[in-house]
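Take a look at the structure set out below.
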Amino acid sequence: MNRVQALFDTTAQLDTLVSQPVTAENREEIVQSLTALLEVRSGQLEELKPPFSTEENLLGKELLPMNERISKQVQNIFDQLKTDIRTIKKQKQSGKKYINPYSSMHTLDGRFLDKRK
């Protein structure tokens with residue numbers, strides 16, 4: 001198997017992995033296998049050195065649209081993670097405010113301090 005074919009196979013595995021629907025239950029597994037495949041693929045990319053045969057050039061041309069799809073899907077997964085993290089932080093803050101609603105009050109010694117002069 002030539003080096004571009006190995007890269008093509010790994011990229012195809014990545015493409016099928018990111019095309020799966022990502023839910024909260026399977027997200028961790030998908031991210032772990034995604035990082036493992038990306039590490040393997042980065043090692044394969046480092047091994048690629050020209051000159052390439054015509055067959056390798058054709059495989060390389062097939063890789064380009066797959067790379068674009070993969071990067072879009074990985075960005076979508078990353079955006080979902082960011083929104084989930086924001087939601088968790090908001091829930092955490094609202095929980096704290098529910099427990100202690102007067103923690104944000106700026107008073108000294110129990111007296112009201114008028115900030116206007």
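Count residues from 1 along the sequence.
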Would you check, one step at a time, whether the test side-chain contact (heavy atoms from CB on, under 4.5 Å) holds for R86 with L81? CA-CA 9 Å; R86 274 191 237 123; L81 280 172; over 6 Å; no
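- Pairing each heavy atom of L48 with each of L7, the nearest pair is CD1-CD2, 3.4 Å.
- Summarising the geometry, atom OG1 belonging to T11 is positioned 10.5 Å from atom CZ belonging to R69; distances are rounded to the nearest 0.5 Å.
- Between I70 and Q73, the closest side-chain pair of non-hydrogen atoms is not below 4.5 Å.
- Rounding to the nearest 0.5 Å gives a distance of 8.5 Å between CG of D9 and CD of Q44.
- Q20 CD: more than 12 foreign heavy atoms inside a 6.0 Å radius.
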Working note: L34 + L38, criterion side-chain contact (heavy atoms from CB on, under 4.5 Å); need CA distance, chi angles, decisive distance, verdict. CA-CA 6 Å; L34 183 69; L38 285 174; 4.1 Å; yes
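- Here the NZ atom belonging to K82 is positioned 13.0 Å from the OG1 atom belonging to T87, to the nearest 0.5 angstrom.
- In this model, a donor atom of one side chain and an acceptor atom of the other lie less than 3.5 Å apart for Q75 and D79.
- In this model, no donor atom of one side chain and acceptor atom of the other lie less than 3.5 Å apart for D84 and Q80.
- With Q13 as the partner, the side-chain contact (heavy atoms from CB on, under 4.5 Å) test is satisfied by one option alone out of L37, V40, V18: L37.
- Looking only at distances, a side-chain donor or acceptor of N26 sits under 3.5 Å from a matching main-chain atom of T23.
- Summarising the geometry of R41 relative to L14, their closest heavy-atom pair is CD-CD1, 3.4 Å, with the distance given to 0.1 Å.
- Both L45 and F52 are assigned to one and the same hydrophobic cluster, defined by single-linkage of ILVMFWY side chains at heavy-atom distances under 4.5 Å.
- Taken to the nearest 0.5 Å, the CD atom of Q32 stands 6.5 Å off from the OG1 atom of T35.
- Atom-to-atom distance recorded for Q93:CD and K89:NZ is 8.5 Å, nearest 0.5 angstrom.
- Taking OG1 of T16 as the reference point, atom CE of M66 lies at 8.0 Å (rounded to 0.5 Å).
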